Structures are given as structure tokens and as C-alpha cells.
Amino acid sequence: MTESGAKTSKTGLKWSIPALALLAIGALAWWLVGSGAREAAAELLAQPAYQVLKRHEPEAWKRVLAAHESAKADASKRAEFINVSNTEFSAAATRRLARASADAQLALMRDMVSTLRLLRSRPGDACFHYLYPEIDGGADVARELAADAQARTLSLSAEVIRSSAENPSAASDPQAAAAQLGPIVDAVYAEFGPDTQMLAHAREPGVDRVKVCDIALSLYQRILALPATDAARVFSAVASPE
């Protein structure tokens, strides 16, 4: 081998080491990032509610997982993850409520009424935010609700999602539901008078958010006071997008 050839060989070897090192570092970084993502997903999927979300609401699952990964990297974002998770489960359950099983519907609505009562008992308009998250942002669930209450709501929402996807109920008869709902609406009007119309104008600036919450609570509580079959029929009809 010539001196020139030796230098070329040595130069080639010299540059191959950093190149291999960079490749190894890149591969390690990729593995660590991938490992962190897998770990974050595994933590969530240990809970049945998140298994349901991943199976039936994959886009919502991606958003929840991203928020969870962010919270793992920065503990100060834990509350943000909790609120994102609640928002995604709530939105999915609301979309699917009409075709969920009667038991799942009623369990979730009872839970919602219980939460609304709790939030209504506190100063501010957290109750309104919980009712209408799309108007001005949802309630700060991480701060307002205890961990066991948060977990219960996610579990009940997941059952609405699961039952509507895996064993959807038949569409509710709108005429039968209207016959059940009519006297309830009359009773709410008797209680609140013309203010009852606020439910139809909740998005308008200056609406009395506390009064809206009171009216909604009265309406939901009266529906839940019906026999279970009738209550489920009414909720299905009200939630139906058709």
C-alpha cells in the first residue's frame, strides 16, 4: 500500500467513527422518544376507559395521548392533560349519546347532574362552562372536581362510547319522546317563565349564565325523574343529530 493509500485509508477510518457515532446517537434518541411515547400510551391504556377511546375514537385518542406525553415531560401541564381528556371524552359521549344503551345514557346523565349541582353550589360560572364547553372553554375539571369524580365521569363516558359503537340502540321515536317531554317543558316554564328561553340563547353575550345552569338542571332532573325507559327515550331523542 502506498503512503498516499494509507493516508486515504486512515482518513476514511477517521471519518467513519464520528459518522457511526452520530448514527448511533440518532438511533438512541429515536428509541428514547419512541420508548417514552410507548410508556405514556401504556400508562393510559392500563385504564379501560382509554382503551375504549383508542378503539372507537382514534383522533380523540391521539389528542389525549399528546397531552399526556406533554404532561410527562412537564409536570406543570398535568392539569391541562386532565382538562383535555375530559373535553375529548365529553365531546365523544355527547355525539354518541343517542345510540348508547339506556343504562349507559342514564348513568352518564345522572353523573352530569350531580356534577352540575356541585359546580352550581360554588361561586362563578363553572357550571355553565361544564354545560357549554364550546362557547367559552370548558370548566377547569382538574381544579373543580376530585380525582375519583373525574375517573367516574371518564368511565361512564367510555361506556356510552363503547355501547353506541359496539351495540348501538335503535333510534328513539321522536313523537313518543315529544309526548314525554312536553309536560316537562311546561313545568320548567311554570318555574322560570320567559327566562326558560335562555337555554336557546346560551351563546348570546350577556346571558345570565347562573340562570341558564338553573334552568338546565331543572330540565335534566325532571327528565331523570321519569321511569327509566321513558327518560332514556327522551335523552335519545334530544341528543339525536337528526
Side-chain angles (χ1 to χ4, degrees), residues 38-72 77-122 126-127 129-134 137-169 172 216-217 220-221 223-224 228-229 231-236 238-240:
R38 288 191 295 272
E39 181 183 348
E43 286 181 3
L44 289 182
L45 292 174
Q47 304 174 57
Y50 289 100
Q51 296 173 23
V52 171
L53 192 71
K54 181 181 181 183
R55 186 180 313 124
H56 297 300
E57 293 283 342
E59 293 304 314
W61 161 254
K62 290 177 184 176
R63 291 188 287 270
V64 169
L65 180 58
H68 184 56
E69 290 171 353
S70 181
K72 282 180 66 65
K77 295 184 178 180
R78 175 67 181 173
E80 182 180 335
F81 157 67
I82 291 172
N83 290 333
V84 167
S85 185
N86 176 79
T87 296
E88 294 294 345
F89 271 92
S90 177
T94 298
R95 288 194 306 269
R96 292 177 172 273
L97 189 68
R99 303 306 296 272
S101 70
D103 287 345
Q105 286 176 357
L106 297 180
L108 181 60
M109 295 306 296
R110 291 188 188 104
D111 179 75
M112 186 186 78
V113 165
S114 176
T115 299
L116 291 176
R117 284 178 184 152
L118 174 64
L119 297 179
R120 175 64 184 87
S121 71
R122 297 173 179 170
C127 177
H129 284 279
Y130 195 80
L131 270 172
Y132 300 102
E134 73 281 4
D140 187 354
V141 170
R143 182 172 64 87
E144 298 285 358
L145 301 180
D148 59 340
Q150 297 169 20
R152 181 175 62 251
T153 299
L154 290 193
S155 178
L156 295 174
S157 297
E159 181 56 19
V160 165
I161 295 167
R162 188 205 63 78
S163 66
S164 69
E166 298 178 7
N167 189 27
S169 62
S172 180
L217 265 170
Y220 291 143
Q221 287 171 162
I223 295 174
L224 287 171
T229 301
R233 180 187 298 118
V234 171
F235 282 128
S236 291
V238 171
S240 176

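In this text, all values refer to a predicted model and were calculated from it rather than measured experimentally.
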**Fill in**
Scanning both residues in full, the closest heavy-atom pair of Ala107 with Leu156 reads O-CD1, 3.6 Å
**Item:** Heavy-atom pair with the smallest gap, counting every atom of Ala158 and Val52
**Value:** O-CG1, 3.4 Å
**Prompt:** Do Pro133 and Thr87 come close enough that some side-chain heavy atom pair is under 4.5 Å?
**Reply:** no
**Message:** Going by the rule salt bridge (charged side-chain N to carboxylate O under 4.0 Å, His left out), which residues pair with Glu88 if we only count those two or more places apart in sequence or in a different chain?
**Reply:** Arg63
**Val64 versus Ser85, closest heavy-atom pair with distance** = CG2-CA, 4.0 Å
**Prompt:** Could you state the interatomic distance from CZ (Arg99) to OG (Ser164), rounded to the nearest 0.5 Å?
**Reply:** 9.0 Å
**Prompt:** So how far is it from Tyr130 OH to Leu116 CG, rounded to the nearest 0.5 Å?
**Reply:** 7.0 Å
**Request:** Calculate, to the nearest 0.5 Å, the distance between atoms CG and OH belonging to Leu45 and Tyr50 respectively.
**Result:** 10.0 Å
**Request:** Taking all non-hydrogen atoms of both residues into account, name the closest pair between His129 and Gly137 and its distance.
**Result:** ND1-O, 2.7 Å
**Request:** Could you grab the distance from atom CG of Leu106 to atom CG of Asp111, nearest 0.5 Å is fine?
**Result:** 12.5 Å
**Message:** So which atom in Leu145 and which in Ala149 form the shortest heavy-atom distance, rounded to 0.1 Å?
**Reply:** CB-CB, 4.4 Å
**Item:** For the student: nearest non-hydrogen atoms of Ala126 and Leu119, plus distance
**Value:** O-CD1, 3.8 Å
**Asked** Any chance the side chains of Gln105 and Ser236 put a donor and an acceptor closer than 3.5 Å?
**Response** yes
**Prompt:** Do Phe89 and Thr153 pass the side-chain contact (heavy atoms from CB on, under 4.5 Å) test, and can you show the C-alpha distance, the side-chain angles, and the key distance before you say yes or no?
**Reply:** CA-CA 9 Å; Phe89 271 92; Thr153 299; over 6 Å; no
**Item:** Any residue meeting salt bridge (charged side-chain N to carboxylate O under 4.0 Å, His left out) with Arg78, in chain and number order, not counting sequence neighbours
**Value:** none
**Request:** Verify side-chain contact (heavy atoms from CB on, under 4.5 Å) between Arg55 and Glu166, making sure each step is shown before the conclusion.
**Result:** CA-CA 11 Å; Arg55 186 180 313 124; Glu166 298 178 7; 3.4 Å; yes
**Prompt:** Using 4.0 Å as the upper bound for N to carboxylate O, is an ion pair formed by Lys62 and Glu57?
**Reply:** no
**Prompt:** Within the side chain of Ser172, is there an N or O that forms a donor-acceptor pair under 3.5 Å with the backbone of Arg233?
**Reply:** yes
**Asked** Could you state the interatomic distance from OH (Tyr220) to CZ (Arg110), rounded to the nearest 0.5 Å?
**Response** 15.5 Å
**Fill in**
Sorted by chain and residue number, the side-chain contact (heavy atoms from CB on, under 4.5 Å) partners of Ser163 (sequence neighbours excluded) come out as Ala100, Ser101, Ala104, Glu159
**Message:** Within the structure provided, determine whether Arg122 and Glu144 are in side-chain contact (heavy-atom separation under 4.5 Å).
**Reply:** yes
**Prompt:** Got a second to check how far Leu154's CG is from Arg152's CZ, nearest 0.5 Å?
**Reply:** 11.0 Å
**Message:** So does Asp140 get a backbone contact from the side chain of Asn83, meaning a donor-acceptor N/O pair under 3.5 Å?
**Reply:** no
**Message:** Within the structure provided, determine whether Leu97 and Met109 are in side-chain contact (heavy-atom separation under 4.5 Å).
**Reply:** yes
